[in-house]
Amino acid sequence: MGPVPRTLELFYDVLSPYSWLGFEVLCRYKNIWNINLQLRPSLIAGIMKDSGNQPPALLPRKAQYLRNDIRLLGQHVQVPMQFPKDFFSVILEKGSLSAMRFLTAVNMEHPEMLEKVSRELWMRVWSRDEDITEPQSILAAAEKAGMSTEQAQGLLEKIVTPKVKNKLKENTEAACKYGAFGLPVTVAHLDGQTHMLFGSDRMELLAHLLGEKWMGPVPPAINPKL
Amino acid sequence: MKDSRNQLPALLPRKAQYLKNDIRLPGQHVQVPVQFPKDFFFVILEKGSLSAMRFLTAVNMKHPEMLEEVPRELWMRVWSWDEDITEPQSILAAAEKVGMSTEQAQGLLEKIVTPKVKNKLKEDTEAAGKYRAFGLPVTVVHLDGQTHMLFGSDQMELLTHLLGEKWMGPVPAAINPKL
């Protein structure tokens, strides 16, 4: 038996494009590095509120920068990112509360589906500029990920229950306790210590921390196309 | 910061906390001996870097060949040994450490109060602003008639992707990795 896999917690929200980038890179490396990747759906709006931070898009120059940065990173990390036409409406008005509650329910009942369903929600909002707030939108994503309509409907009904609402709150608070002021946040548990890394561009640094090899955002061991 | 209406990250408590812890790790990874100054807020918010950056502007105008080594010494002072970089003696000490003669360094120090040097620093800062900088460092790549602005020190792998070059990590093998 080899050394014990190191636990990595990834706190993410499908509203956050950088979360998608971090998510895809870690999903690729989870079969290469000796790690145990724990996905923790969280609410970025909650983290902003709790930390007193402001979404970067509210500063004009950062908003401009984001557009370009997302495009370039999408190419480099090979994730089909597209800025939504009405970006402000998507991020600031529509938000992701139902979607993240749904993913929380998925994590509680069918954790093996969490990666696929998360990815389908990102594809909707951050690749095809489609809604993720309406029940039909969330169901469509779940079904596309391979869930049956019954399964998906069942989970959708659960998103209004205290159990699911509280679990999402818990995850969000846990991220805040680690010092999050945005997402994605990767927490590495190493030799009895925790290391919190913010952002999707810390993966090479994470490799250094873990003593693993960095092979770029699209490591050769897997099919690079999504 | 002023021009873009951005706020220094250190002013948000959680970002300040993150910065303190965070800088150590990239320092190790990139093999740069970064150490947080004891009184970080005082150094960043009150003391600042105006004279130091005017001095470097003067170096760039008169002795551009020294422009890699002098900034490194200033960084070593403020970001490795927690030493002052605002007093004339501090700036002179940094310049002399990299081989500038006292006369040369004194000469440049006198120039930092001239309109020529002050304006040149303004120009460089405004140029970054025109590229829509909201902080530093900013790397601007000129490629096939286009410009690409990259913010931050952790975009270097993305930069190689843009340039079609090979990324070999922050300490590429071709040089002596120790500073």
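Hydrogens, waters and symmetry mates play no part in the numbers below; they use all other heavy atoms, side chains included. Note on naming: letters A, B, ... go to the chains in the order of the sequence lines (proteins, then strands), and numbering restarts at 1 for each one.
- Only the side chain of L209(A) comes within less than 4.5 Å of a heavy atom in chain B; its backbone stays farther off.
- Both the backbone and the side chain of L72(A) come within less than 4.5 Å of a heavy atom in chain B.
- The salt bridge (charged side-chain N to carboxylate O under 4.0 Å, His left out) search around E123(B) returns K120(B), not counting sequence neighbours.
- Proximity to chain A (any heavy atom under 4.5 Å) is shown, for Q7(B), by neither the backbone nor the side chain.
- The contact between Q75(A) and chain B is made by backbone and side chain atoms together, counting heavy-atom distances below 4.5 Å.
- Both the backbone and the side chain of E157(B) have a heavy atom closer than 4.5 Å to some heavy atom of chain A.
- For the atom pair N36(A) CG and T7(A) OG1, the distance stands at 4.5 Å (nearest 0.5 Å).
- Contacts of P13(B) with chain A are absent, with no heavy-atom separation under 4.5 Å from either backbone or side chain.
- Proximity to chain B (any heavy atom under 4.5 Å) is restricted, for Q64(A), to the side chain, taken from C-beta onward.
- Both the backbone and the side chain of L150(B) come within contact range of chain A, judged by heavy atoms closer than 4.5 Å.
- In terms of heavy-atom pairs under 4.5 Å with chain A, the best-connected choice from G129(B), P170(B), G169(B) is G129(B).
- Counting only heavy atoms from C-beta outward, the side chains of F11(A) and V187(A) approach each other to under 4.5 Å.
- Of the two parts of N68(A), neither the backbone nor the side chain holds a non-hydrogen atom closer than 4.5 Å to a non-hydrogen atom of chain B.
- Between P84(A) and V90(A), the closest heavy-atom pair is CB-CG2, 4.0 Å.
- D13(A) and S96(A) are linked by a side-chain donor-acceptor pair at a separation below 3.5 angstrom, with hydrogens and angles left out of the test.
- The salt bridge (charged side-chain N to carboxylate O under 4.0 Å, His left out) search around R54(B) returns none, not counting sequence neighbours.
- For L158(B), the parts sitting under 4.5 Å from any heavy atom of chain A are the backbone and the side chain alike.
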